[in-house]
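Here is the structure we will look at.
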Amino acid sequence: MAPYQLAPDPASPGERLTVLDPATGEAFDEAPDQRAQELDAVVHRAHEAWRSWRTDPAARAAALLASADAVEAAGPELAPLLTREQGKPLTESYAEIARTAARLRWFAASAPETRTIADGRAVHSEIRWRSLGPVAAVVPWNFPLQLASAKFAPALAAGNTVVLKPSPFTPLATRLLGSVLSAALPEGVLTVITGREPLGALLASHPGIRHVTFTGSVPTGRSVAAGAASGLARVTLELGGNDAAILLDDVDVERIADRLFWAAFRNCGQVCMAVKRIYAPARLHGRVVEALAERAKAVVVGAGLDEGTELGPLNNAAQLARVERYTARALADGAGAAAGGHRLDRPGYFHAPTVLTDVPPDSPVVTEEQFGPVLPVLPYRTVDEAVEAANATRFGLGGSVWGTDLDRAEAVAGRLECGTAWINHHAELSLAQPFAGVKESGVGVAGGPWGLYGNLSPFVVHRPQEDRS
């Protein structure tokens with residue numbers, strides 16, 4: 001028996017959420033399907049816990065460090081459950097757990113800086129920082145634990161309490177994580193609730209919530225922001241991307257092929273900042289397509305719990321249908337599949353790793369976020385043309401430039417309209433850096449000290465330098 005036990009279900013036996021294994025498409029467990037009327041009590045407990053949690057930074061840091069240790073110790077229980085409900089290979093689940101623990105440690109060592117304003121007046125002005133109160137964290141299904149920790153670690157470090165709502169597709173590992181953390185955190189500081197929509201939207205609009213942090217689609221993000229506006233709560237929204245990779249004409253195709261492939265296909269392409277389209281010089285286009293197709297045909301696709309699996313299934317039937325639809329549309333419009341191009345004939349939500357060529361630039365697989373194992377490779381004639389095409393999207397999360405002349409590559413990267421640009425790699429983030437998008441890719445900043453201060457409010461104290469009584 002696992003050493004960690006889930007808390008008793010708050011919902012009645014009739015209110016259940018069925019969880020499917022994406023490798024089979026079959027149900028394997030259930031979670032509570034909580035109702036709107038439960039939110040008042042949950043948020044009230046978070047508010048009551050906040051009264052003491054906000055007062056002792058040293059105790060908070062110690063609790064976060066203990067939380068990190070607990071997460072690592074629970075890895076053998078968390079990782080298989082995460083793979084079972086999300087689909088990713090087991091090694092990737094362990095990596096997600098390690099990232100969760102690392103983020104808790106990073107924020108345990110973080111603290112806001114009190115600053116003095118020197119403006120020539122005979123007044124001592126000091127900027128201090130105060131926590132906000134209960135925070136609502138609404139998390140998608142692609143990285144349930146990692147993205148949850150990206151929200152709750154800075155919020156808790158800042159002295160807030162958190163109500164965490166995972167996707168209804170992946171509630172189980174998050175519930176178990178909540179139970180693991182309950183041994184290190186005071187009661188009410190972090191509460192996990194699970195259920196179908198509109199539970200997340202109702203949480204975001206609850207009048208007791210002071211900050212809403214959400215990762216997901218643009219339409220849902222708009223709904224969450226509208227709900228948060230009703231209570232004038234702060235919002236941080238990460239709404240996905242359509243990241244472009246521009247290959248320059250001096251690129252060493254074989255040297256970068258593996259990195260480029262996995263930048264697009266890791267987690268079966270279900271990464272907000274994955275490479276989702278490639279622009280290659282016309283004279284190198286064929287070589288790029290061939291190198292990527294070779295790897296797509298060789299990668300081992302299978303259930304995440306199977307030994308040797310490199311690429312798992314898509315997480316759910318709706319996402320598989322979306323990927324199929326975008327791929328079929330591209331092929332119908334004249335694109336060719338250098339690899340894949342179809343779902344796999346097996347149970348579960350598997351789609352063949354697909355590399356597309358001759359794709360019309362206005363095809364949805366180019367203009368939208370496919371969020372799956374399908375990658376269009378488009379030729380360009382001039383760098384200006386490539387940059388214009390890369391920027392011709394409503395998204396602006398990330399982008400990358402690949403070439404051997406690093407100064408030239410950096411100059412091109414500086415022209416990309418996105419929050420993060422990489423050179424000769426993609427989608428690699430430091431815990432210390434800001435993470436933000438432009439255009440429809442998001443509002444607010446997460447990551448690093450920016451993530452901490454995003455969970456705080458400035459409090460300014462003015463004091464005369466001499467007695468004025």
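With no hydrogens or angles considered, a side-chain donor-acceptor pair links K151 and T215 at under 3.5 Å. For the residue pair H211 / N160, no side-chain donor-acceptor distance below 3.5 Å is found, with atom types taken as modelled.
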(request) List the steps and the verdict of salt bridge (charged side-chain N to carboxylate O under 4.0 Å, His left out) for R175 and E77. (result) CA-CA 12 Å; R175 289 194 71 227; E77 287 74 48; over 6 Å; no
(request) In sequence, state the C-alpha distance, the side-chain angles, and the governing distance for Q86 and W141, and then conclude on side-chain contact (heavy atoms from CB on, under 4.5 Å). (result) CA-CA 7 Å; Q86 201 282 331; W141 43 258; 4.3 Å; yes
(request) Take V138 and V224 through the test side-chain contact (heavy atoms from CB on, under 4.5 Å) and record every step on the way to the result. (result) CA-CA 9 Å; V138 183; V224 167; 5.6 Å; no
(request) Decide side-chain contact (heavy atoms from CB on, under 4.5 Å) for E85 and D29; before the verdict, give the C-alpha distance in whole Å, the side-chain angles of both, and the deciding distance to 0.1 Å. (result) CA-CA 9 Å; E85 68 177 348; D29 209 338; over 6 Å; no
(request) Evaluate side-chain contact (heavy atoms from CB on, under 4.5 Å) for N424 paired with R259, printing each intermediate quantity in order. (result) CA-CA 8 Å; N424 289 342; R259 272 176 286 153; 3.9 Å; yes
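In this structure, the side chain of S217 engages the main chain of T220 through a donor-acceptor pair within 3.5 Å. The closest donor-acceptor contact from the side chain of K439 to the backbone of T393 lies under 3.5 Å. In terms of modelled atom types and a separation under 3.5 Å, the side chain of T357 and the main chain of G336 share no donor-acceptor contact. For S441 (side chain) and G396 (main-chain N/O), a donor-acceptor pair under 3.5 Å exists by modelled atom type. Not one N or O on the side chain of E238 forms a donor-acceptor pair closer than 3.5 Å with the backbone of G442. Not a single donor-acceptor pair under 3.5 Å links the side chain of D333 to the backbone N or O of V359. Side chain of W53 to backbone of L156: a donor-acceptor contact under 3.5 angstrom is found. Q370 places no side-chain N or O within 3.5 Å of a backbone atom of Y326 that could act as its donor or acceptor partner. With hydrogens and angles disregarded, no donor-acceptor distance shorter than 3.5 Å links the side chain of D249 to the backbone of P281. The backbone N or O of A352 lies less than 3.5 Å from a partner atom in the side chain of T354, making a donor-acceptor pair.
Inter-residue side-chain proximity for V365 and R329 is flagged as unmet; no heavy-atom pair is nearer than 4.5 Å. The side-chain heavy atoms of T420 and L397, taken from C-beta on, include no pair separated by under 4.5 Å. Here the side chains of P112 and L452 are in contact, with some heavy-atom distance below 4.5 Å. Side-chain contact between N142 and L147: present, with at least one pair of heavy atoms (C-beta onward) separated by less than 4.5 Å. With a 4.5 Å cut-off on side-chain heavy atoms, T100 and L78 do not count as touching.
Here the OG1 atom belonging to T91 is positioned 11.0 Å from the CD atom belonging to E307, to the nearest 0.5 angstrom. Here L17 contributes atom CG and S167 contributes atom OG; the two are 8.5 Å apart, rounded to the nearest 0.5 Å. We find the CG-CZ distance between N316 and F169 to be 4.0 Å, quoted to the nearest 0.5 Å. Rounded to the nearest 0.5 angstrom, F107 CZ and L64 CG are separated by 10.0 Å. To the nearest 0.5 Å, the span separating OG1 on T174 from CG on L82 amounts to 8.0 Å. Atoms NE2 and CG, from H351 and L311 in turn, are 11.5 Å apart once rounded to the nearest 0.5 Å.
Ion pairing between a basic and an acidic side chain is recognised when a charged N comes within 4.0 Å of a carboxylate O; R394 and E368 show such pairing. Taking the charged nitrogens against the carboxylate oxygens, E96 and R103 have no contact shorter than 4.0 Å, which rules out a salt bridge. Using a cutoff of 4.0 Å between basic side-chain nitrogens and carboxylate oxygens, K276 and D243 are not scored as salt-bridged. A salt bridge links R105 and D69; the closest N-O separation between the charged side-chain nitrogens and carboxylate oxygens is under 4.0 Å. Between R99 and E92, no side-chain nitrogen of the basic residue sits less than 4.0 Å from a carboxylate oxygen of the acidic one, so the salt-bridge criterion is not met. Under the 4.0 Å criterion applied to side-chain N and carboxylate O atoms, E197 and K165 are assigned as salt-bridge partners.
Residue A291 comes nearest to A257 through the heavy atom pair CB-CB, 4.0 Å, listed as atom of the first residue, atom of the second, then distance. In terms of heavy-atom proximity, I97 sits nearest to G75 at CD1-O, 4.0 Å. Closest approach of T382 to Y380, counting heavy atoms only: O-CD1, 3.0 Å. Shown here for H285 and V377, the closest heavy-atom pair between the two residues is NE2-O, 2.9 Å. Shown here for A23 and D21, the closest heavy-atom pair between the two residues is N-OD1, 2.8 Å. Heavy-atom minimum distance, R234 versus L456: NH1-O, 2.9 Å.
Within a 6.0 Å sphere centred on CG of D345, heavy atoms belonging to other residues, nucleotides or ligands number 12 at most. Around atom CZ of R115, no more than 12 heavy atoms belonging to other residues, nucleotides or ligands sit under 6.0 Å away. Residue-environment remark: CD (E428) exceeds the threshold of 12 foreign heavy atoms within 6.0 Å. Heavy-atom contacts from other residues, nucleotides or ligands closer than 6.0 Å to CD of E324 number more than 12.
Both the sub-6.0 Å distance and the 45° axial angle are not jointly satisfied by R322 relative to the ring of F371. Remark: R54 is positioned above the aromatic ring of W50, its terminal NZ or CZ atom under 6.0 angstrom from the ring centre and at most 45 degrees off the axis.
Listed by chain and number, the residues in a side chain to side chain donor-acceptor pair (under 3.5 Å) with T83 are S93 (sequence neighbours excluded).
Using a 30° and 60° split on the angle between ring planes, F265 and F261 fall in the parallel class, below 30°.
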